Number of protein chains: 2
Amino acid sequence: MSLAGIAGLLADRTRAAFCLALLDGRAWTAGELARHAGVSPSTASEHLSRLVAGGLLAEERQGRHRYLRLAGPDTATMIEDLCSYAAGAPDVPGPGAAAAGPKGLRESGRHGAEARARTCYDHLAGRLGVAVADAALARGLVADDAGLVLTPAGLDWLAGLGVTAAELKGSRPVVRGCLDWTERRTHLAGAAGAALCRRAFELRWVERIGTGRALRTTPAGRRDLRELLGIEVPV
Amino acid sequence: MSLAGIAGLLADRTRAAFCLALLDGRAWTAGELARHAGVSPSTASEHLSRLVAGGLLAEERQGRHRYLRLAGPDTATMIEDLCSYAAGAPDVPGPGAAAAGPKGLRESGRHGAEARARTCYDHLAGRLGVAVADAALARGLVADDAGLVLTPAGLDWLAGLGVTAAELKGSRPVVRGCLDWTERRTHLAGAAGAALCRRAFELRWVERIGTGRALRTTPAGRRDLRELLGIEVPV
DNA sequence: CGGACGCTCCGGCGGGCACCGAACGGTCGA
DNA sequence: TCGACCGTTCGGTGCCCGCCGGAGCGTCCG
C-alpha cells in the first residue's frame, strides 16, 4: 500500500470518525459506527469495506452483526501518531477536505466522564491514565530516557499485580508514551500499558460506563491506586 | 487541523510524491518537484500551496524561484512513520486512489548510488546508514532498550567528533530509529543522527552526487569510518 | 532593453467519490 | 412461521478536485 493509499483511507471525515471511535480498542457494529458518524448504513458499509480491504480494520461477522475493530496495535499507533501531529498543525479552514463539521473529534471531550477516565485502544487514558503515568515516573517504575522505558522496579511492580514477564515479550514496545487528547499529556501505552489496563479490569479497579469508552473507578480501584501508586481519584 | 485534513494532504499521489522527495531534507524548487512528479507547473503550484497552507511544507522565495522544504523534523517523522506503516500494509489494487502508477516510491530504489548511501531528511541512510547504525549498536554507542538510546560512551564518541552536548538538547529525541527504504532495516535518526550527518559533511566523509540525495563516500570517509567504527565501505 | 524563464491565476473539463433511498437476503426473536 | 432488524448491493446524483493550457507577472541574463 502506498503512502497516498493509506492517507486516502483516512482522508475522509466519515472514515476518520470511524477510526477515531475504534481507537477505544473495542469492536463496534457497522450500525453503531454509522450512527456515530451521522451517515446512512449503506454509506457506512462502503466505507468500512474500504477500510477492511486496506488493512486498517479487521472484521468479525456474528449472526446478523458485523463487528469491526482496528487491525492491531500498530494501526492504533499509526492513527494516534497522526492525530498527535494533527493536533499540533495549524488549523487551516480553506476549501479543502478539512471542513470542520459537527463530526469532529471535539465531541469526545464534551463528556466529563471520558475526560476523567477512559480507554485509549487497549490502555488507560484521561486524567486517570495521565495520573498513572505521572505516578509511575515519580516512583521509578518507568524512566524517561529519550523515550519511556520500564525499569526493573517497574517489572517487579507489574509482577506483583500478576503480570508475567512473558506477557511483555513480543514485537511491541514494552512501554510507549501516548499523547492524551483531553489532557494534552502523555499516558502509558505499549505492552505494559495494555497489561496494566487488562489487570485494572480484572481486578475491578475500573468498569465501563454504558457502551462508550468512558470508565468509572470503583471503590476498590480508588483504594488500590492510592496504596500502590499514591493516586487520589476523586469520587 | 483534523485527522482527515492531514491525511487528505497526503492522499494524493502527486502531493505524496512531493513529500517523499522532500524527505531528503533539502529544499527543492517548484519546477523540480513538478518534473519529478510528472505534472505541469501549474498543477504543482496548486498542490504546493495546499501543502504550505496545511503546514506540512515551508517555503522560501528567492528571486524567481520558490524553494520548498519540509516544515520540520516532526513533519519528516510523521511522513516516515506513515511510510513505514504503509510498507507493512497489504497492497490492495482495487479502484481506489492507490493505483500504483509509475510515480511510486519504487523508483528511488532503482539507482544503485542511492541504495549505497543517501540522506534521509537530515541523517544518513542507505547501506551506509544501516552500517553506521549496526556499528554504533555493536560498539555500545547506542543501546536498544525498547527504543534506541544514546549511551554515555556514545556521547563521548560524538564529542570526539566535535558534537557538543548542547547540540543534542531540545524537544527532539536524541536517537531515534528510522526505517530504511532500501535496506528494510533501521538507521539512526534524531538529534544525534542529524549531528553525525552534519559532521560527516563537514569532515568531508561524504559528498553529494549531483543534485539528488545520493552520497559518495570519500577516501577520507572510508579511512575514518574504518578507524572509528570498523566499517568497510566498498569503493 | 528584450527575451527567456519560473511561477501563479483563471477557466474549463473530466473523473472519482461520498452520499442517499430503495430493494434484497440473511438472521434472530416472538 | 412471520415480522423486525441488520447489513449489503445497486442506481443515481451532485460535488469536489486533479489536471491542463494559456495569459499574466515578476526576475534574471545577455
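In what follows, chains carry the letters A, B, and so on, assigned in the order in which the sequence lines appear, proteins first and then strands, with residues in each chain numbered from 1. Since the structure is predicted, the reported quantities are computational estimates derived from the model, not experimental observations.
- Atom NE2 of H187(B) is separated from atom CG of L196(B) by 11.5 Å, given to the nearest 0.5 angstrom.
- In this structure, R61(A) reaches the sugar-phosphate backbone alone: every heavy-atom distance under 4.0 Å involves primed, P, OP1 or OP2 atoms, never a base.
- A 4.5 Å side-chain heavy-atom check between D24(B) and R208(B) finds every atom pair outside the cut-off.
- Residue H47(B) places at least one side-chain N or O closer than 4.0 Å to OP1 or OP2 of dC19(D).
- Under the rule for a side-chain contact (heavy atoms from CB on, under 4.5 Å), the partners of A21(B) that lie at least two apart in sequence or sit in another chain are W28(B), L33(B), H36(B).
- You'll find the side chain of Y85(A) stays beyond 4.5 Å of the side chain of L82(B), heavy atoms only.
- Taking atom CG of D12(A) as the reference point, atom P of dG16(C) lies 17 Å away to the nearest angstrom.
- Regarding contacts with the backbone of dC19(C), a side-chain N or O of T14(A) is found under 4.0 angstrom from either OP1 or OP2.
- Nucleic acid contact class of T29(B) (heavy atoms, under 4.0 Å, all strands): sugar-phosphate only.
- Atoms CZ (R50(A)) and P (dT8(D)) sit 15 Å apart, rounded to a whole Å.
- For S45(A), the side-chain atoms get nearest to dT9(D) when compared with the rest of dT8(C), dC20(D), dT9(D).
- The phosphate of dA18(C) (OP1 or OP2) has no side-chain N or O of T43(A) nearer than 4.0 angstrom.
- With distances taken from any side-chain atom of A30(A) to the nucleotides dC19(D), dT8(D), dA18(C), the minimum falls on dT8(D).
- Residue L51(A) contributes atom CG, which lies 14 Å from atom P of dC17(C) at whole-angstrom precision.
- The side chain of H65(B) places no N or O atom within less than 4.0 Å of a non-bridging phosphate oxygen (OP1 or OP2) of dT27(D).
- In this structure, R176(B) pairs ionically with E80(B), as a charged nitrogen and a carboxylate oxygen lie closer than 4.0 Å.
- Regarding contacts with the backbone of dC6(D), every side-chain N or O of R66(A) stays at 4.0 angstrom or more from both OP1 and OP2.
- The CG atom of L33(A) sits 11 Å away from the P atom of dT8(D) (whole-angstrom rounding).
- Under the 30°/60° scheme for interplanar angles, the aromatic rings of F18(A) and H47(A) are found to stand perpendicular.
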Pairwise N/O distances under 3.5 Å, protein to nucleotides 25-30 of chain C:
from	atom 1	to	atom 2	distance (Å)
dT27(C)	O2	R64(A)	NH1	3.4

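- Here the side chain of S49(B) pairs a donor or acceptor atom with the backbone of S45(B) at under 3.5 angstrom.
- A donor-acceptor contact under 3.5 Å links the side chain of S42(A) to the base of dG21(C).
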